[in-house]
Each structure stands twice: as structure tokens, then as C-alpha cells.
Amino acid sequence: MVRAEGVRKHFGRHEVLRGIDLEVRTGEVMCMIGPSGSGKSTFLRCINHLEKVDGGRLSVDGHLVGYREQGGKLYELRDREVCQRRAEVGMVFQHFNLFPHMTALENVTIGPVRVKREPKAEAEARARQLLARVGLANRVGAYPRQLSGGQQQRVAIARALAMQPKLMLFDEPTSALDPELVGEVLDVMRSLAEEGLTMLVVTHEMGFAREVGDSLVFMDQGVIVESGPPREVLSNPRQERTQAFLSRIL
């Protein structure tokens with residue numbers, strides 16, 4: 001579903017991604033861990049073409065992200081084409097980014113109606129189903145300010161799912177939540193994993209990575225230091241840098 005080959009990204013003179021090679025299989029849940037500033041979030045944003053890569057190749061479901069190849073050369077896609085591709089990739093951010101003037105139902109409905117031109121009644125019906133799926137059937141008319149952080153994040157997940165994505169990206173979805181609210185968001189993510197949705201999750205929740213992840217990647221300073229089955233990496237890391245990181249958080 002995702003293939004990265006030598007992906008590089010820099011901001012000014014600072015190289016944030018320094019040659020990322022990675023594959024995520026269809027139906028796989030890959031968890032990414034590492035210290036702040038290691039490039040995890042930037043890599044996710046590159047997958048969704050919110051950031052343009054400066055080197056290497058990145059593809060989703062067999063299609064280059066942001067480009068097309070013709071005659072051995074890469075040509076940047078037009079904005080409309082980028083948006084069409086981006087609609088196939090759902091993303092849940094650390095901060096919920098809900099529209100504050102819209103209800104939960106409206107937040108979940110707006111994407112399918114505006115981007116995919118779905119009939120409003122059809123989009124609303126699916127939005128209600130998705131809100132019920134994340135445990136918010138009784139909060140469809142609530143505005144973000146009337147919801148807890150955990151509830152807002154669950155609305156954000158429903159909003160991403162409303163676009164019927166092939167791939168879901170989660171960028172530290174629980175880090176802005178109070179500890180007692182973390183579990184309700186992770187429960188929703190577990191259910192998505194059980195249904196076979198392809199997921200790439202940047203997280204500090206090691207229990208979730210161990211229980212739900214099919215693979216685990218440890219990043220530091222823009223490179224992948226170590227990867228493997230989550231239980232193996234967390235219990236018996238091979239690299240000294242991984243050992244030092246895990247010794248501070250486990």
C-alpha cells in the first residue's frame with residue numbers, strides 16, 4: 001500500500017528525512033516510534049502530499065505521491081489531481097482540527113459532499129453510522145466546544161473514515177488527550193485494525209503498538225534505526241539508540 005524508496009525532505013539546510021526506505025502492506029498496521037524531531041510526522045505528511053519530498057520516490061497503492069512518471073521523467077500533478085489522490089488517504093492529526101462552527105455531523109459530512117460530490121442525504125446517513133461506530137450516536141448535533149478531547153478525536157476519526165480511504169494515517173492521535181481519555185480513542189483504532197484497514201500510526205502508546213501493530217519502526221534524526229515485529233523490537237532491541245530510547249519510556 002505504501003512504498004518509500006530513499007525519501008528525503010529538508011527545510012532550509014535542515015534535512016528532516018535522510019533516505020527513508022519503507023513498505024507497508026495492504027491490511028498492515030505499522031507503528032512508528034521515536035523522539036520528537038525524528039521525522040515521523042513529516043514522513044506522514046509526505047505520504048499525504050501535505051509536504052513535497054525533495055528526493056527519492058514515494059507511492060501509495062501503486063501511484064506516485066504528487067507526481068506522474070512519463071518517459072522516465074517525473075511531472076508534478078495538478079492541484080485537482082493531488083486532491084483526488086489525497087481523498088483516498090485519511091489522516092488524523094494530534095490536534096483535532098475540527099471546524100468549530102460545525103456540528104459533529106456536519107464535520108463528518110462536509111468532505112464527501114464537497115470533495116466527492118455525494119448527495120447530502122447519503123453522506124449524512126453514513127456520517128451517522130460512523131459516529132455511532134465511534135460511540136457518539138447521541139452527540140451528532142454537538143459542536144466541538146461541547147465535546148471532550150477524546151470525543152473530538154473520535155469525530156476526527158469518523159470524518160477521515162467518511163471519505164472511505166484505502167489508508168489511514170494517525171499522527172500521535174492521543175498525545176493531546178488527558179490520560180483517562182486515551183483509551184476510548186485507542187479502542188476505536190483497535191476496531192479499525194481488526195477490520196483490516198491499512199494503518200500507519202505515529203504513537204507513544206507502546207502498549208497499543210505491542211498489541212495491535214503488525215510491525216514497528218523506530219526513527220531518529222531522519223533515518224530508520226530499527227524495525228521488526230513490535231514485541232521483538234520492544235522487548236529485545238538490537239540497536240543501542242533504540243535501547244536508550246526505550247529505557248527512558250518503558
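Hydrogens, waters and symmetry mates play no part in the numbers below; they use all other heavy atoms, side chains included.
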Gap between atom [atom2] of [Y] and atom [atom1] of [X] - 0.5 Å precision:
X      : Y      : atom1 : atom2 : value
His49  : Arg45  : NE2   : CZ    : 12.0 Å
Met30  : Arg25  : CE    : CZ    : 7.5 Å
Arg8   : Leu58  : CZ    : CG    : 14.5 Å
Leu169 : Cys46  : CG    : SG    : 11.0 Å
Met189 : Arg154 : CE    : CZ    : 13.5 Å
Lys166 : Thr26  : NZ    : OG1   : 9.5 Å

Looking at side-chain heavy atoms only, is the closest gap between [X] and [Y] below 4.5 Å?
X      : Y      : value
Met91  : Phe170 : no
Thr203 : Glu172 : no
Phe43  : Leu22  : yes
Phe96  : Val155 : no
Leu192 : Met199 : yes
Asp171 : Val92  : no
Leu216 : Ser227 : no
Leu44  : Asn48  : no

Under a 3.5 Å distance rule, please check whether [X] uses its side chain to pair with a backbone N or O of [Y] as donor and acceptor.
X      : Y      : answer
Arg85  : Leu64  : yes
Glu5   : Arg57  : no
Asn107 : Phe99  : yes
Asp21  : Gly6   : yes
Asp214 : Glu28  : no
Glu106 : Thr103 : yes
Lys40  : Met219 : no
Asn236 : Glu232 : no
His10  : Gly12  : yes
Ser59  : Gly62  : no

Item to check | Which atom of Leu234 lies closest to which atom of Leu250, heavy atoms considered | outcome: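 It is O-CD1, 4.0 Å.
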Next on the checklist: Once side chain to side chain donor-acceptor pair (under 3.5 Å) is applied, do any residues pair with Arg231, and if so which ones, sequence neighbours excluded?
Outcome noted: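 Arg231 satisfies side chain to side chain donor-acceptor pair (under 3.5 Å) with no other residue.
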[X], [Y]: one ILVMFWY side-chain cluster at the under-4.5 Å cut-off?
X      : Y      : value
Leu167 : Val201 : no
Ile157 : Leu181 : yes
Val217 : Ile33  : no
Ile47  : Leu50  : yes
Ile224 : Val233 : no

Next on the checklist: Under a plain distance cut-off of 3.5 Å, with no hydrogens placed, do Thr174 and Gln153 share a side-chain donor-acceptor pair?
Outcome noted: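 Short answer, no.
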Item to check | Thr242 versus Glu226, side-chain donor and acceptor atoms under 3.5 Å | outcome: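 Distance-only check passes for Glu226 and Thr242.
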Mark yes when over 12 heavy atoms from residues, nucleotides or ligands other than [X] sit less than 6.0 Å from its [atom1]; otherwise mark no.
X      : atom1 : answer
Arg3   : CZ    : no
Lys52  : NZ    : no
Arg190 : CZ    : yes
Glu81  : CD    : yes

Determine all donor-acceptor pairs shorter than 3.5 Å in which one atom belongs to a side chain in residues 131-145; sequence neighbours excluded.
from   : atom 1 : to     : atom 2 : distance (Å)
Arg133 : NH2    : Glu195 : OE1    : 2.2
Arg133 : NH2    : Glu195 : OE2    : 3.3
Arg139 : NH2    : Gln146 : O      : 2.7

Item to check | Evaluation steps, side chain to side chain contact (heavy atoms under 4.5 Å, CB included), between Tyr67 and Val65 | outcome: CA-CA 6 Å; Tyr67 300 89; Val65 174; over 6 Å; no
Item to check | Candidate pair Arg210 and Cys31, rule side chain to side chain contact (heavy atoms under 4.5 Å, CB included), full reasoning | outcome: CA-CA 9 Å; Arg210 185 190 301 271; Cys31 295; over 6 Å; no
Checklist entry - Taking NZ, NE, NH1 and NH2 as the nitrogens, is one of them in Glu15 or Lys9 under 4.0 Å from a carboxylate oxygen of the other? => result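 Between Lys9 and Glu15 there is no salt bridge, as every charged N stays at least 4.0 Å from the carboxylate O atoms.
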Checklist entry - Listed by chain and number, what are the side chain to side chain contact (heavy atoms under 4.5 Å, CB included) partners of Arg248, not counting sequence neighbours? => result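 Arg248 satisfies side chain to side chain contact (heavy atoms under 4.5 Å, CB included) with Arg241, Ala244, Phe245 once adjacent residues are dropped.
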